[in-house]
Number of protein chains: 2
Amino acid sequence: METLAIGDLAARSGVAPSALRYYEREGLIRSTRTGGNQRRYHRSELRRVAFIKIAQQVGVSLDEIREALAELPEERTPTKADWARLSAHWRGKLEERILLMQRLRDQLTGCIGCGCLSLQRCNLINPADRLAARGTGPQMIVNPPE
Amino acid sequence: METLAIGDLAARSGVAPSALRYYEREGLIRSTRTGGNQRRYHRSELRRVAFIKIAQQVGVSLDEIREALAELPEERTPTKADWARLSAHWRGKLEERILLMQRLRDQLTGCIGCGCLSLQRCNLINPADRLAARGTGPQMIVNPPE
DNA sequence: CTGCAACTTGAAGTGAACTTCAACTCAAGG
DNA sequence: CCTTGAGTTGAAGTTCACTTCAAGTTGCAG
């Protein structure tokens with residue numbers, strides 16, 4: 001078995017065939033066809049699907065994933081080095097997201113004492129909502145100062 | 001200004017009025033009405049909306065958020081202690097998610113050397129896909145062994 | 001060579017989380 | 001009082017990421 005039928009790729013990757021067809025329509029993965037028009041996947045597509053799944057775990061949209069994958073070479077099967085570059089890039093994104101979550105957690109922790117949820121710094125510290133003029137939303141958390 | 005009109009709550013929370021109406025239909029927040037049928041929000045709803053936004057950041061669905069909020073007392077305005085309990089609970093969820101991300105990051109880091117993305121452990125270490133029978137998907141990452 | 005599981009397509013459906021629209025009413029400053 | 005920006009409703013529309021369906025075709029084990 002040199003190439004994979006859609007069912008094989010589905011079984012190996014844990015992604016439903018319908019989703020794989022969808023990914024293909026969306027330009028995230030590619031296949032060749034048999035004489036009878038059935039999809040056959042190169043083994044390297046397994047890696048692409050793995051990447052897609054991982055990126056989704058991180059909360060990245062398919063659009064962004066497509067953009068990332070576009071950085072892989074079209075003409076040849078991506079090498080380890082190609083994947084390494086991409087992975088390194090995503091490691092950065094992951095790191096960022098982890099930091100956001102940690103900030104969220106620390107805010108929550110810091111505010112458990114007062115129960116304020118730190119909307120606009122803290123409603124207890126700032127009871128009159130004096131900061132209301134300063135833009136909307138829990139700025140402190142999403143875009144912390146400095 | 002003792003209570004907030006929908007526009008005020010929207011401005012303060014950074015959530016569109018249409019979304020606030022939606023949240024109300026979905027039972028996530030509550031309002032009283034003026035004689036002329038306009039919504040007026042108690043200031044404590046600001047906290048609920050903040051909580052909703054934070055939970056969404058963590059990737060929680062509105063359904064789950066509603067369930068969490070259901071643990072707040074209906075009959076009285078939630079106290080600091082009420083929020084503290086809820087926040088502590090969510091801190092756990094956040095912590096969990098952070099751990100998942102960190103595991104993801106470490107996997108990615110560990111695999112940058114081989115470019116494998118660790119689908120079924122590692123395709124380099126395991127080139128013949130011998131583990132294919134062992135369930136689908138990047139199990140190692142989502143449900144790591146031990 | 002046959003039978004049947006697995007594949008093909010386009011179109012339509014799903015659910016989550018909202019937004020937009022149209023037609024109308026309210027609240028409050030001048 | 002009057003104007004006007006803000007609010008009201010239900011229904012329909014939107015985007016994302018798929019799934020389901022129906023009707024037909026293919027590939028391979030026996």
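Lettering of chains follows the sequences in order, A, B, ..., and the numbering in each one begins at 1. Hydrogens, waters and symmetry mates are skipped; everything else that's a heavy atom, side chains included, is used.
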Is it the case that more than 12 heavy atoms not belonging to B:Arg30 sit under 6.0 Å from its CZ atom? no

Closest to the side chain of A:Leu62, out of D:dC28, D:dC18, D:dT26, is D:dC18

Original post:
Going through the distances and angles, do B:Ser31 and B:Glu24 end up as a side chain to side chain donor-acceptor pair (under 3.5 Å)?
Top reply: CA-CA 8 Å; B:Ser31 65; B:Glu24 192 171 334; 2.8 Å; yes

- prompt: Between D:dC18 and A:Gln56, is there an OP1 or OP2 to side-chain N/O distance shorter than 4.0 Å?
  reply: yes

Quiz item: Is it true that B:Glu2 and B:Arg43 have a side-chain N and a carboxylate O under 4.0 angstrom from each other?
Solution: no

When B:Ile52 and B:Thr34 are each assigned the nearest nucleotide of DNA chain C, the 5'-most assignment goes to B:Ile52

Contact check, residues 16-33 of chain A vs DNA chain D, heavy-atom distance under 4.0 Å, returns A:Ala16, A:Ser18, A:Ala19, A:Tyr22, A:Tyr23

A:Asp63 atom CG is separated from D:dA17 atom P, nearest whole Å, by 7 Å

Note: chain A reaches DNA chain C at heavy-atom distances under 4.0 Å over the stretch, first to last nt, 5' to 3', of C:dC7 to C:dT9

Closer than 4.0 angstrom, basic N to acidic O: yes or no for A:Arg105 and B:Glu95? yes

A:Trp83 and A:Phe51 aromatic ring geometry - parallel, tilted or perpendicular at 30°/60° bounds:
tilted

Electrostatic pair B:Lys93-B:Glu64, nearest N-O below 4.0 angstrom: yes

*Ignoring backbone atoms, establish whether B:Arg39 has a side-chain N or O less than 4.0 Å from OP1 or OP2 of D:dG7.*
no

Heavy-atom closest pair (B:Gln57 atom, A:Met101 atom, distance to 0.1 Å) is O-CE, 3.4 Å

Output for pair (A:Leu28 CG, A:Leu69 CG), nearest 0.5 Å, gives 6.0 Å

